[in-house]
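Structure, as structure tokens:
Residue numbering restarts at 1 for every chain, and letters A, B, ... go by the order of the sequence lines. Bear in mind the structure is a predicted one, so any value in this text is a computation, not a measurement.
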There are 2 protein chains.
Amino acid sequence: MIPESHPRYESLLTRELIVEGIRNGITSMQGLIAQGRGEAFDYLIGEKTSTCALQAERVTAAMLLLAKRPVISVNGNVAALVPGEIIRLSDIVNAPLEVNLFYRTEERINRIIECLRSLGAKKMYTKSDGLIPGLEHERAKVDTDGIFNADVVLVPLEDGDRCKALVEMGKSVIAIDLNPLSRTAQCAGITIVDNITRAIPNISKFAEELKDSEKDELLRIIREFDNKKNLNNSIKEIITYLSNHGNLMPP
Amino acid sequence: MIPESHPRYESLLTRELIVEGIRNGITSMQGLIAQGRGEAFDYLIGEKTSTCALQAERVTAAMLLLAKRPVISVNGNVAALVPGEIIRLSDIVNAPLEVNLFYRTEERINRIIECLRSLGAKKMYTKSDGLIPGLEHERAKVDTDGIFNADVVLVPLEDGDRCKALVEMGKSVIAIDLNPLSRTAQCAGITIVDNITRAIPNISKFAEELKDSEKDELLRIIREFDNKKNLNNSIKEIITYLSNHGNLMPP
């Protein structure tokens with residue numbers, strides 16, 4: 001339906017992928033809007049991984065490798081866009097997956113679990129017997145063995161409220177969020193300002209490189225990272241992008 | 001389903017409006033993603049009408065009042081978000097509406113026409129007997145009495161390709177687009193960088209103020225406007241917003 005001649009052909013094809021996720025009952029319609037927000041911010045960083053995102057991705061790999069009870073949270077967009085990549089990361093760093101939806105329905109949760117299992121996911125937390133304090137009931141549900149009890153949680157594309165609630169539980173929260181100003185980006189312990197389609201494979205690559213490193217070396221990588229500074233650099237990259245493009249249009 | 005306590009409650013409610021548009025067969029799923037892109041850029045201008053947007057809105061009112069054969073193009077998102085407001089503008093400036101979809105199906109075209117008629121739209125162009133040169137067949141379809149023959153076309157939320165094709169036909173194209181860097185924003189004769197929910201009522205307000213003005217006065221308003229300069233100012237506003245928010249986070 002989209003002509004190949006269209007200049008935004010590739011971006012439109014990615015949209016098709018997530019629209020397909022809706023047809024399969026994996027993505028929510030609100031998730032589509034969230035995808036659009038991400039597209040806009042990705043556009044403003046030039047649709048490539050910045051140096052600061054790459055640093056945050058390396059630190060994330062170190063954090064996941066050092067964690068005692070790491071969990072990777074999966075929502076509808078993650079399952080539609082990077083199902084294979086998230087399973088691969090889960091295997092490499094030994095962090096089980098837990099499905100966690102903003103617009104939660106048991107049906108959609110089960111579809112995503114089935115989809116991930118069919119693609120080879122082995123370790124998953126699938127109960128909903130715990131509640132994150134401070135959140136409205138449906139949004140608070142988690143697995144007591146999984147996110148509830150985790151020390152490090154990777155939340156790609158998380159809501160600001162839930163990110164904050166997880167931080168307040170004392171967890172190390174790693175967020176992937178293309179908007180460096182978002183509440184999620186600002187309250188997470190580590191913020192990766194990058195598209196998940198690039199971020200997840202990057203974290204996996206770093207995790208493989210760091211897998212046999214000494215604990216002290218991993219700790220050093222984490223200690224040297226300053227999330228606030230990194231976030232500010234992400235904002236500066238957008239400003240540079242806008243300034244350069246503004247100059248293309250002489251007054 | 002969304003708790004009132006959620007800090008982004010209003011923005012989430014607007015999303016519901018457009019999700020409702022999908023359930024009614026008015027909005028496309030790709031339109032939801034486009035809405036998300038818009039949300040992101042709106043966020044970056046502080047979710048309010050800037051001084052430069054207000055200027056472009058006033059010039060738009062003057063252009064529509066001066067036009068001989070003005071047409072207002074309506075797509076699925078416009079119909080879902082501002083159906084009443086677009087009909088009101090159509091009445092004030094005497095510019096008929098024409099439904100024009102990126103993902104065109106006759107069924108959706110007819111649903112939108114029915115929806116607009118049920119809300120009181122009188123003047124509409126509903127044929128599809130003309131083709132805009134240079135576009136793939138389905139996307140080229142227009143009414144020969146409407147957009148094909150128009151001198152001024154208001155395209156809220158238009159695709160870059162189609163905007164360019166309309167400009168190449170020699171029409172004065174007025175675009176409403178929250179992304180000042182987009183191809184649509186950059187190729188239109190007048191670009192309003194604002195949310196359509198604010199832009200359409202603003203244009204109507206200016207049209208009412210200017211309705212009885214002399215032709216010379218309207219021409220003067222148009223002549224004094226510099227779209228490139230205005231667009232550059234819109235980009236600068238985003239940079240200012242980002243810089244201010246970047247400063248909220250000391251390194």
- Task: Measure distances from A:Arg23 to the heavy atoms of chain B and classify the residue's part below 4.5 Å as side chain, backbone, both or neither.
- Result: side chain
- Query: Do B:Ile238 and A:Ile238 come close enough that some side-chain heavy atom pair is under 4.5 Å?
  - Reply: no
- Task: Answer with side chain, backbone, both or neither: which region of A:Ile22 has an atom nearer than 4.5 Å to a non-hydrogen atom of chain B?
- Result: side chain
- Say you draw a straight line from CE of B:Met29 to CE of A:Met29; how long is it, rounded to the nearest 0.5 Å? 7.5 Å
- Flag yes if more than 12 heavy atoms outside B:Glu106 fall under 6.0 Å of its CD atom; otherwise flag no. yes
- Message: Is it the case that over 12 heavy atoms from other parts of the model lie below 6.0 angstrom from the NZ atom of B:Lys164?
- Response: no
- Item | Proximal component of B:Leu178, with respect to chain A [non-hydrogen, under 4.5 Å] | neither
- Message: How long is the straight-line distance from CG of B:Asn179 back to CD of A:Glu39, given to the nearest 0.5 Å?
- Response: 11.5 Å
- Note on the structure: Here the gap from B:Ile235 atom CD1 to A:Leu242 atom CG, rounded to the nearest 0.5 Å, amounts to 6.5 Å
- Correct closest heavy-atom pair for B:Leu181 and A:Tyr43 would be O-OH, 3.3 Å
- Query: Who wins among A:Gln30, A:Gln35, A:Glu138 for the most heavy-atom pairs under 4.5 Å with chain B?
  - Reply: A:Gln30
- Message: Need one label for A:Ile18: side chain, backbone, both or neither, based on atoms under 4.5 Å from any heavy atom in chain B.
- Response: side chain
- Item | Heavy-atom neighbours of A:Glu224 CD exceed 12 at 6.0 Å | yes
